[in-house]
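Working notes for the structure below.
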Amino acid sequence: NNEFGVTKFKEFPYVSAPHRNLMVDLVSTVENRLGSQLLPCSLPPDVQYYQNQTGSAHASLHTRSGNKPSHSQIDFILGSWIHCELPTGGALNITSLSAFLNPLTDAPNFLIELIQSSPTSLILILDLPPRKDLVLCPDYLHTFYEETQLDTRKQILEKIPEVKPYISSSLYIRSLVSPTAIMVRIETEASQPGRVEEVIKDHVDPIAKEVLGIWLDQCACGKREVGEAERAILEKRDGLIKIKTIEVDLGSNFPRLFGPEVADRILGAMRDVFTV
Ligand SMILES: C=CC1=C(C)/C(=C/C2=NC(=C3\c4[nH]c(Cc5[nH]c(C=O)c(C)c5CC)c(C)c4C(=O)[C@@H]3C(=O)OC)/[C@@H](CCC(=O)O)[C@@H]2C)NC1=O
């Protein structure tokens with residue numbers, strides 16, 4: 001694999017130290033715990049690291065598939081960062097780590113996204129998106145969302161004065177997340193420089209690591225019985241979500257940020273990874 005691309009990805013450049021340290025720690029935690037089950041990143045170098053024509057937007061993408069033959073429950077892990085200089089002089093930074101399980105288990109996936117569009121405002125998405133209907137499967141709600149106490153972490157975060165709920169403009173996105181999903185916007189005053197970084201370091205960092213730990217123990221490394229018929233339903237549901245989220249997350253922003261040809265190349269590469 002492209003060493004330059006791999007190291008570049010793991011540096012999470014352009015973001016503050018607390019933001020970078022969190023993402024670096026999360027990626028290394030996942031790779032250390034699941035590494036033996038993961039194939040190296042096989043994306044082409046110009047997908048692992050890409051930019052727009054004017055060089056005002058830089059990005060990196062890193063995916064590692066689970067090695068099927070060893071009956072890994074991991075479909076793939078996806079990490080990414082995007083940095084775009086904005087005409088206003090500010091910058092948009094999006095860092096994300098998501099982990100998708102395959103139909104050998106029906107356990108939830110993992111997702112964290114930090115979207116920073118100004119020095120005083122950050123959107124945090126942190127969730128274990130369910131892979132089954134919670135009304136039809138009450139034990140699923142109990143096992144993955146009640147017993148794990150995920151709601152207490154959501155409540156801790158929402159106590160911070162600068163933390164407000166983030167309501168996605170996409171109803172589809174809202175339909176994907178769990179009842180305990182952390183979808184918040186951290187809004188600070190310009191008179192409090194460094195406050196966003198402080199909230200990341202003191203609150204977002206520990207909570208994100210706890211949620212990832214729960215996902216690794218209870219979901220990625222947990223054992224669930226999935227029957228043949230159920231496996232087919234999971235396969236269909238997982239496939240639909242992967243394709244739709246590419247459209248919702250990237251469909252409108254990427255062509256605008258990277259231009260049509262780079263956007264097509266990256267979206268094409270994502271569709272290949274998402275539909276193997
Ligand atoms: C449960 C599943 C999901 C939830 C809950 C969810 C939430 C959101 N993500 C958004 C976005 C987003 N994410 C990424 C990372 C990324 N996503 C994919 C998907 O295949 C890939 C392959 C990559 C790496 C390249 C980028 C680049 C990007 C945006 O530009 C977009 C954004 O910041 O707009 C402000 C927001 C869109 C809706 C909204 O404006 O409210 C919203 C907050 N996104 C989920 O998938």
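Excluded from the calculations below are hydrogen atoms, water molecules and symmetry mates; all remaining heavy atoms, backbone and side chain alike, are included. Atoms within each ligand, like the ligands themselves, are counted from 1 in listed order.
Just one of N102, L38, L39, L104 meets the side-chain contact (heavy atoms from CB on, under 4.5 Å) condition when paired with I74; it is L38. Of the residues listed (K201, K209, H203), the one engaging D205 in a side-chain hydrogen bond (donor to acceptor under 3.5 Å, both in side chains) is K209, and it is the only one. Between K242 and the choices D75, N109, T275, the side-chain hydrogen bond (donor to acceptor under 3.5 Å, both in side chains) rule is met once, by D75.
No side-chain heavy atom of F110 sits under 4.5 Å from any side-chain heavy atom of L216. Residues L134 and F144 fail the side-chain proximity criterion, which asks for heavy atoms closer than 4.5 Å.
Every atom of ligand 1 is numbered from 1 in the order shown, and the set under 4.0 Å from a heavy atom of M270 is 22 (C). For ligand 1 and I82, the ligand atoms under 4.0 Å from any heavy atom of the residue are 27 (C). Set against the non-hydrogen atoms of S168, the atoms of ligand 1 under 4.0 Å away are 38 (C), 39 (C), 41 (O). Annotation for ligand 1: atoms under 4.0 Å from non-hydrogen atoms of V177 are 5 (C). Annotation for ligand 1: atoms under 4.0 Å from non-hydrogen atoms of I246 are 20 (O). Taking a cut-off of under 4.0 Å to the non-hydrogen atoms of N253, the atoms of ligand 1 that pass are 29 (C), 30 (O), 31 (C), 32 (C), 34 (O). Near I115, meaning under 4.0 Å from one of its heavy atoms, ligand 1 places the atoms 33 (O), 43 (C).
R195 has a carboxylate O that lies under 4.0 Å from a charged side-chain N of E162, or vice versa, which qualifies the two as a salt bridge. Remark: D238 does not engage R231 in a salt bridge, criterion side-chain N to carboxylate O under 4.0 Å.
Using modelled atom types, one finds no donor on one side chain facing an acceptor on the other under 3.5 Å when comparing S72 with N67. For the residue pair Q37/Q73, the side-chain donor-acceptor check at 3.5 Å is not satisfied.
When heavy-atom distances to ligand 1 are checked against a 4.0 Å cut-off, L250 comes that close only through its side chain, counted from C-beta outward. With a heavy-atom cut-off of 4.0 Å, L111 touches ligand 1 through its side chain alone.
Nearest residue to atom 28 (C) of ligand 1 from N109, I173, L92, D249 is D249 (criterion: closest heavy atom). For the residues Y166, F254, Y172, the heavy atom positioned nearest atom 39 (C) of ligand 1 is part of Y166. Among A181, S169, S96, S80, the residue whose heavy atom lies nearest to atom 25 (C) of ligand 1 is S80.
At a 4.0 Å cut-off, not a single heavy atom of I123 sits close enough to ligand 1 to count as contact.
At least one N or O atom of E113, backbone or side chain, sits closer than 3.5 Å to an N or O atom of ligand 1.
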